[in-house]
Amino acid sequence: MIDHVANRCIQLIAKSKNLAPETITLDTTFDSLNIDSLDKINLSFEVEEAFAIVIPDDALSSLKTVGDVVRGVEKLLQETPAPPPAVN
Amino acid sequence: MRISSVGTAYPPHRYPQAEITKALAQRWEGKMEEPRILNRLHANCGVDFRNLVFPLEAYPSLVGFGQTNTAWIAAAVELGQQAVTRALEAAGITAADISAIFFASVTGIASPTIDARLINLMPFPVNVKRTPIFGLGCVAGAAGIARAADYVRAFPDQIALLLSVELCSLTWQDDDQSIANLISTGLFADGAAAVVVAGANSKLANTQRPSPRILDTRSTFYRDTQHVMGWTIGDLGFKIVLSPDVPKVVNDNLLSDVQGFLSHNNLQLSDISSYIFHSGGPKVLEAMETCLSLPPDALAPSWKSLREVGNLSAASVLAVLEDYLVNNPGKPGTYSILAAMGPAFCSELVLLQW
């Protein structure tokens with residue numbers, strides 16, 4: 001089952017290439033979507049904003065599939081400290 | 001005919017990739033719409049360190065083509081002499097033993113050319129034949145070996161020398177914040193390499209050192225691909241042309257080129273024990289690995305060269321060749337392919353037997 005993180009990543013990728021999200025799976029490669037280095041970088045900015053995370057600058061070259069992105073985001077979300085509780 | 005030796009030389013100013021990125025980000029502050037793109041492009045070039053001819057703080061004072069090209073000539077002579085000296089020493093000969101020099105570069109111009117200036121500094125014979133080559137770009141390392149091989153095939157008792165000097169940092173453009181230039185400033189670096197190519201009847205013909213025989217060479221021109229890579233040459237010097245299509249051109253052509261070349265020599269891919277490939281960049285190396293279905297680590301020396309010194313244009317494949325000669329020579333009788341691609345777009349293949 002595709003979870004929230006995967007769904008959101010797929011939506012962002014689909015939007016960036018004007019594709020239907022249904023055509024993208026976790027196994028879809030960036031090469032097959034014609035996503036080049038610059039596309040990947042622009043996408044990384046959108047993913048950072050969507051999940052409030054910071055992707056290491058050197059992480060992108062190892063990302064070959066949509067699943068790689070999802071796993072990377074999940075790992076960064078686990079490492080990111082929860083925001084402090086709101087103070088009234 | 002054989003490759004008897006390779007000598008490399010690198011300029012003294014060695015920097016981690018992140019330090020170069022930081023210096024360029026400061027230099028171009030206010031010029032880039034999205035400065036984070038520079039950091040991410042540079043961090044994903046597969047490059048950890050690069051050597052530069054000048055300290056980073058000196059580059060902003062180099063303004064215009066005349067000043068940078070004058071700096072290129074001085075540095076190219078110095079670095080070229082170091083590379084030639086190392087290659088000659090490794091082969092156990094002197095400049096006096098060389099009958100022909102092939103000099104290749106695409107990062108600066110001079111007349112008299114750099115090879116001529118070296119003849120005034122080293123004891124080359126006055127009758128040495130000179131062939132300066134400009135414009136082949138990254139392919140010139142492999143093409144230079146091929147042309148030197150053509151020469152010693154015609155004159156088998158003679159020895160030829162190839163010298164490649166590429167000072168890519170002297171082509172950095174302050175007014176170009178295009179993606180191509182951002183990638184170029186993250187990928188390319190400075191270095192020189194010289195190769196001694198010995199004729200079959202020369203004094204180096206029966207050396208005991210690892211010195212692969214050159215069995216065959218092949219040049220292949222890809223029509224109508226001149227947009228893929230090259231320079232736009234203007235008042236400020238060389239401005240990079242670098243298309244995202246480079247990996248696609250590799251994917252579309254390399255396998256058929258290599259298969260046709262090997263078939264012509266009654267060989268097939270499974271006969272090749274090592275691949276001495278130009279360290280073009282992560283995308284190019286991945287495309288080479290994919291289209292030839294290479295086993296993991298088949299291009300490890302190329303990846304290593306990219307990480308340690310960046311893409312040296314024509315000198316890169318020669319640096320990888322040096323690594324094979326010194327650290328990992330093939331077993332006697334095994335075959336290697338040396339290959340590079342570059343502006344035109346085109347490829348050069350060299351079949352070696354150890």
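Both backbone and side-chain heavy atoms feed into the values below; hydrogens, waters and symmetry mates do not. In what follows, every chain begins at residue 1, and chains take the letters A, B, ... in the order their sequences are listed.
- Close approach to chain A, defined as a heavy atom under 4.5 Å from one of its heavy atoms, is seen in no residue of residues 290-314 of chain B.
- If you measure heavy-atom distances from B/Pro282 to chain A, you find no contacts under 4.5 Å at all.
- Counting non-hydrogen atoms of other residues, nucleotides and ligands closer than 6.0 Å to CG of B/Asp224 gives a total of 12 or fewer.
- Other residues, nucleotides and ligands place more than 12 heavy atoms under 6.0 Å from the NZ atom of A/Lys64.
- Heavy atoms of B/Lys283 lying under 4.5 Å from chain A belong exclusively to its side chain.
- Considering only heavy atoms from C-beta on, B/Gln17 stays 4.5 Å or farther from A/Asp58 through its side chain.
- Within 6.0 Å of CD in B/Glu57 there are more than 12 heavy atoms belonging to other residues, nucleotides or ligands.
- Listed in order of number, the residues of residues 23-55 of chain B that approach chain A to under 4.5 Å between heavy atoms are B/Glu34, B/Arg36, B/Ile37, B/Asn39, B/Arg40, B/Leu41, B/Ala43, B/Asn44.
- Heavy atoms of other residues, nucleotides or ligands lying less than 6.0 angstrom from NZ of A/Lys15 number 12 at most.
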